[in-house]
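Take a look at the structure below.
The sequence lines fix the lettering, A, B, ..., with proteins before strands; numbering per chain opens at 1.
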Protein chains: 2
Amino acid sequence: MPHIISRNHQNAWRSLLIAQSWAIRQIEFQLRKANEISFDVYEVLQTLEDSEGGKLRMSDLADRILFSRSGLTRMIDRLEELGYVVREPSPDDRRGWYAVVTPKGKEVRHRACDIVQTTLQAIWERSLSDEEAVALVPVMESVTKSARNYEPIRG
Amino acid sequence: MPHIISRNHQNAWRSLLIAQSWAIRQIEFQLRKANEISFDVYEVLQTLEDSEGGKLRMSDLADRILFSRSGLTRMIDRLEELGYVVREPSPDDRRGWYAVVTPKGKEVRHRACDIVQTTLQAIWERSLSDEEAVALVPVMESVTKSARNYEPIRG
DNA sequence: ACGAGACAGTTGCATTTGGAAGGAGTGCGA
DNA sequence: TCGCACTCCTTCCAAATGCAACTGTCTCGT
C-alpha cells in the first residue's frame with residue numbers, strides 16, 4: 001500500500017461522511033413528513049433565489065448544486081411542469097438557457113425553508129460553535145479546490 | 001421566518017456540502033477511470049473487512065454505510081453474483097443474515113484502495129492539518145448524534 | 001471565411017434508487 | 001401458550017440516476 005493517509009485524516013473523513021449523510025437524511029425525512037418539496041428541489045430553488053434576478057444558466061446551476069448536466073435537465077423539466085421554474089433563452093448565447101424561479105417556486109421554497117432551518121439548527125448549529133463554523137469554511141473550500149483541480153471531470 | 005440559523009453556520013454547512021460532493025465525485029471518477037469497483041462497493045467491502053470475521057449483519061452494514069435496507073439487499077445481490085461476498089445465515093436469529101467478504105472481495109478492494117488513498121491524500125490530507133483533522137472528529141460525531149436522535153428514521 | 005474542436009443542453013438506455021408492502025421470525029405481556 | 005407489536009430482510013413499482021451519444025452553437029487559428 002504505497003500511499004497511506006494518516007489515521008487522523010481517515011477518521012476525520014469518515015466522520016464527515018457519516019455526519020453529512022445523517023444530516024441530509026434527517027432533513028429529507030422531515031421534509032417528506034411535512035409533505036414539502038425534496039431537499040434537492042429546495043437546493044435548486046434556493047440557489048436560484050440567491051442569484052441575480054432569480055435565474056441562472058443551466059450549467060452554472062448544475063455546477064453549484066453538483067448535479068450532472070443530464071440530471072439537471074430532467075430536474076428542470078419536472079420543476080417546469082410543476083410551475084416552480086421556467087426556462088428562458090439566453091440573449092447572447094443561443095446555446096444557453098436560463099432557469100428562472102417563478103413566484104410559485106418561491107412560495108414552496110419558503111414553506112419548506114422553515115423545516116430545513118429548524119432541522120439544521122437542531123443538528124448542525126448546536127453541534128458547532130460559531131468559531132468552529134467560521135474555521136471550517138476555508139478548510140472545506142480548500143478541499144473543494146483540490147478536488148476540482150485534481151483532475152477535470154467532464155459533466 | 002421563525003428559525004434563523006446563523007450566517008456562519010449556514011456557510012459552514014454549505015461549504016461542507018460542496019466539498020464532500022466534489023471529493024466523492026473525484027474519487028468515483030478516478031476509480032472508474034482505473035476500471036475498479038465503485039465507491040459504494042468499496043465502502044461495503046471495506047466496512048466488512050474492518051469488522052470481526054469480515055462479516056456483518058445486513059442491517060448493521062446498512063446502518064454503517066447509510067444505505068436503505070432495500071438498497072443493501074440489492075447491492076449484496078450484485079456483489080454475491082460477482083463473487084465478492086456471500087450470504088450466511090445467522091445461527092441465533094433465523095430472520096438474520098450475515099454478509100461475508102470473500103478472498104476475491106478482499107482482493108478487489110485492495111486493488112481499489114490505492115486509488116482511493118491517493119486521491120484522498122491529494123484532496124483531503126493536503127487541505128487539512130493534522131490538528132484540524134483531530135478537531136473535526138468530535139464535531140462531526142456530535143452532528144451525527146444530533147441527526148440520529150432528532151427523530152428516529154425507519155430504514 | 002472556413003473547419004476543427006470546444007461547449008450548452010438534451011435524449012436514449014441500462015442501471016439504480018427509495019419507499020411501501022409483504023413474509024417470516026422473535027419477544028414480551030397477559 | 002396465545003396474541004400482538006416489533007424486527008429482519010426481500011420484493012415490487014415508479015421514479016431518478018449516470019454515462020455516452022447527439023444536435024446545435026460558438027471560438028479560434030489559419
Side-chain angles (χ1 to χ4, degrees), chain A residues 21-22 24-44 55-82 85-100 152-155, chain B residues 21-22 24-35 37-41 43-44 55-82 85-100 152-155:
Chain A
S21 301
W22 272 105
I24 292 175
R25 189 171 262 236
Q26 187 64 258
I27 292 171
E28 279 178 341
F29 180 70
Q30 295 299 328
L31 283 170
R32 182 156 16 88
K33 205 175 55 136
N35 239 309
E36 299 289 353
I37 55 181
S38 74
F39 187 55
D40 280 347
V41 172
Y42 178 81
E43 291 262 281
V44 170
K55 62 180 158 180
L56 224 42
R57 280 287 285 270
M58 294 290 280
S59 34
D60 287 349
L61 182 53
D63 282 353
R64 295 213 199 173
I65 59 175
L66 293 210
F67 252 59
S68 67
R69 303 303 171 88
S70 59
L72 185 69
T73 291
R74 278 179 295 226
M75 165 70 92
I76 296 296
D77 286 348
R78 274 171 261 148
L79 297 190
E80 211 168 11
E81 209 153 320
L82 290 165
V85 148
V86 290
R87 262 181 255 241
E88 194 176 89
S90 164
D92 47 308
D93 183 343
R94 273 188 296 165
R95 293 169 303 179
W97 292 84
Y98 286 97
V100 196
I153 301 176
R154 34 194 331 8
Chain B
S21 301
W22 272 105
I24 292 175
R25 191 172 260 236
Q26 187 64 258
I27 293 171
E28 279 178 339
F29 180 70
Q30 295 299 328
L31 283 170
R32 181 156 19 89
K33 206 176 54 136
N35 238 306
I37 54 181
S38 75
F39 188 55
D40 281 347
V41 172
E43 291 262 283
V44 170
K55 61 179 161 183
L56 225 40
R57 280 287 286 269
M58 294 290 282
S59 33
D60 287 350
L61 182 53
D63 281 354
R64 297 215 197 168
I65 59 174
L66 295 208
F67 252 61
S68 68
R69 302 307 172 86
S70 60
L72 185 67
T73 291
R74 279 176 303 224
M75 165 70 90
I76 297 296
D77 286 348
R78 273 170 260 149
L79 297 189
E80 212 168 9
E81 210 153 320
L82 291 165
V85 149
V86 290
R87 262 180 255 241
E88 195 177 87
S90 163
D92 47 306
D93 184 342
R94 273 189 296 165
R95 291 169 302 180
W97 292 84
Y98 285 97
V100 195
I153 301 175
R154 33 190 342 358

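Put simply, CZ on A:F29 is 14 Å from C1' on C:dG18, counting in whole angstrom units. Distance A:E28 CD to D:dA16 C1': 12 Å, rounded to the nearest Å. Rounded to whole angstrom, the span from the CZ atom of A:F39 across to the P atom of C:dG18 amounts to 15 Å. Counting to the nearest Å, the C1' atom of D:dT7 and the CG atom of B:D92 are 14 Å from each other. In this entry the distance linking CG of B:N35 with P of D:dC19 reads 14 Å, nearest Å.
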Steps toward side chain to side chain contact (heavy atoms under 4.5 Å, CB included) verdict (B:V41, B:R78): CA-CA 10 Å; B:V41 172; B:R78 273 170 260 149; over 6 Å; no
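For B:R57 against B:G96, the heavy-atom pair with the smallest separation is NH2-CA, 3.5 Å.
Formation of a donor-acceptor pair under 3.5 Å by the A:E80 side chain with backbone atoms of A:R87 is found in this model.
Applying the side-chain contact (heavy atoms from CB on, under 4.5 Å) test to A:R32 and every residue at least two apart in sequence or in another chain returns A:F29. Here A:E36 pairs with A:L31, A:A34, A:R111, A:A112, A:I115 under the side-chain contact (heavy atoms from CB on, under 4.5 Å) rule; sequence neighbours left out.
Here the side chains of B:W97 and B:I76 are not in contact, with every heavy-atom distance at 4.5 Å or above.
A sub-4.0 Å separation between OP1 or OP2 of D:dC19 and a side-chain N or O of B:R32 is present.
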How would nucleotides 8-17 of chain C be written as a contact map, 5' to 3', with B for base contact, S for sugar-phosphate-only contact and - for no contact, using protein heavy atoms under 4.0 Å? SSBBBB--SB
